[in-house]
K.L.:
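Let me give you the structure first, and then I'll get to my questions.
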Amino acid sequence: VSSHFLQNEITKFATEQRMMGNFFDEILREEYQDEEEVLRRGSFVHLDLSEPYRIAMIKYQVQENNLKKEFLFHEELGKAVTSYFKNKKGNILVGHRTKSVILLIPNSYLEQDGIDTYFEHLLRFLSEKFPEALFFAGVSKQSDRIGQAKDCYNEAYTALRMATMNKRIMLFDSLGMIGPLINQNNE
């Protein structure tokens, strides 16, 4: 009975993760006609998307060139990120890209410790859980409109491209005048 329950919980968790990831991808592809629809769907998953947020992109580097092992690593990373936020009583959207995870995080989660400290804790958690990998993060500017999620994604991607071994967390805000210039020529 308990193994049945456990299997059921694992399946439920995986289904919920996929559903939230698909919803996030639809937001980033701007598939919704109006923000009201996005806000309504967000409320179904207990996420207030009318609140200011940031998008973060976390990239990893592993030495392993085995595609099967990397796929399993990516899957475990997604689970670890989701459980990290669940343990902090935070509800976020998590999406997946090649060798990276994207997050939509309400600003209220970031305000207590500050953005830098918040992401330092997250990357430290991931580094301890996955010592075989290096992690880097790019974080967008704050936005208060969910319709601007694609722009925030591009900002997070630009900031991530500027992250280095010495500065693994890069905020788009900290790029100053260079940020928008790099973002315009995002090739």
K.L.:
To the nearest 0.5 Å, how far apart are CD in Glu155 and CD in Gln148?
P.N.:
8.5 Å

K.L.:
Is any side-chain heavy atom of His96 closer than 4.5 Å to one of Glu75?
P.N.:
no

K.L.:
Run the salt-bridge test on Arg54 and Asp173 with the 4.0 Å N-O cut-off and return the result as yes or no.
P.N.:
yes

K.L.:
List the steps, then state whether side chain to side chain contact (heavy atoms under 4.5 Å, CB included) holds for Val94 with Phe85.
P.N.:
CA-CA 10 Å; Val94 179; Phe85 285 99; 5.6 Å; no

K.L.:
Would you say the ring centroid of Tyr60 lies under 6.0 angstrom from that of Phe73?
P.N.:
yes

K.L.:
Taking the side chain as C-beta and beyond, is there a heavy-atom pair between Tyr53 and Leu104 under 4.5 Å?
P.N.:
yes

K.L.:
Can you sort out the partners of Glu76 under salt bridge (charged side-chain N to carboxylate O under 4.0 Å, His left out), two or more places apart, ordered by chain and number?
P.N.:
Lys79

K.L.:
Are the side chain of Thr117 and the backbone N or O of Gly114 linked by a donor-acceptor pair below 3.5 Å?
P.N.:
no

K.L.:
Mind checking the CG-OG spacing from Leu171 to Ser140? Nearest 0.5 Å is all I need.
P.N.:
9.5 Å

K.L.:
Taking all non-hydrogen atoms of both residues into account, name the closest pair between Phe23 and Leu93 and its distance.
P.N.:
CD2-CD2, 3.9 Å

K.L.:
Calculate, to the nearest 0.5 Å, the distance between atoms SG and CZ belonging to Cys152 and Arg145 respectively.
P.N.:
10.5 Å

K.L.:
For residues 41-49, which side-chain donor-acceptor pairs fall under 3.5 Å, sequence neighbours excluded?
P.N.:
{"unit_1": "Arg41", "atom_1": "NH1", "unit_2": "Glu26", "atom_2": "OE1", "d": "3.0"}
{"unit_1": "Arg41", "atom_1": "NH1", "unit_2": "Tyr32", "atom_2": "OH", "d": "2.3"}
{"unit_1": "Ser43", "atom_1": "OG", "unit_2": "Arg40", "atom_2": "O", "d": "2.6"}
{"unit_1": "Asp48", "atom_1": "OD1", "unit_2": "Ser50", "atom_2": "N", "d": "3.0"}
{"unit_1": "Asp48", "atom_1": "OD1", "unit_2": "Ser50", "atom_2": "OG", "d": "2.5"}

K.L.:
A cation-pi test, strictly: NZ or CZ of Lys141 under 6.0 Å from the centre of the six-membered ring of Phe172 and no more than 45 degrees from its axis. Yes or no?
P.N.:
no

K.L.:
Report yes if the side chains of Val139 and Met170 come closer than 4.5 Å at any heavy-atom pair, otherwise no.
P.N.:
no

K.L.:
Side chains of residues 122-135: which donor-acceptor partners sit under 3.5 Å, not counting sequence neighbours?
P.N.:
{"unit_1": "Ser127", "atom_1": "OG", "unit_2": "Leu123", "atom_2": "O", "d": "2.9"}

K.L.:
With the threshold set at 4.0 Å, does a side-chain nitrogen-carboxylate oxygen contact exist between Glu120 and Arg168?
P.N.:
no

K.L.:
What distance do Phe24 atom CZ and Ile92 atom CD1 have between them, rounded to the nearest 0.5 Å?
P.N.:
8.5 Å

K.L.:
Let me see the working for Arg97 and Asp25 under side chain to side chain contact (heavy atoms under 4.5 Å, CB included), right down to the final yes or no.
P.N.:
CA-CA 10 Å; Arg97 297 291 184 269; Asp25 285 339; 2.9 Å; yes

K.L.:
Go through the steps for Lys99 and Glu70 under the test side chain to side chain contact (heavy atoms under 4.5 Å, CB included), then give the verdict.
P.N.:
CA-CA 9 Å; Lys99 295 190 182 229; Glu70 189 171 323; 3.1 Å; yes

K.L.:
Do Lys59 and Gln61 have side-chain heavy atoms sitting under 4.5 Å apart?
P.N.:
yes

K.L.:
Would you compute the distance between atom CD1 of Ile27 and atom CD of Glu37 and round it to the nearest 0.5 angstrom?
P.N.:
10.5 Å

K.L.:
Do the side chain of Tyr153 and the main chain of Ile102 share a donor and acceptor less than 3.5 angstrom apart?
P.N.:
no

K.L.:
Taking the side chain as C-beta and beyond, is there a heavy-atom pair between Leu103 and Ile55 under 4.5 Å?
P.N.:
no

K.L.:
Do Met57 and Phe136 come within less than 4.5 Å of each other through their side chains, counting heavy atoms only?
P.N.:
no

K.L.:
When rounded to the nearest 0.5 angstrom, what is the spacing between CD in Glu30 and CD1 in Ile146?
P.N.:
11.0 Å

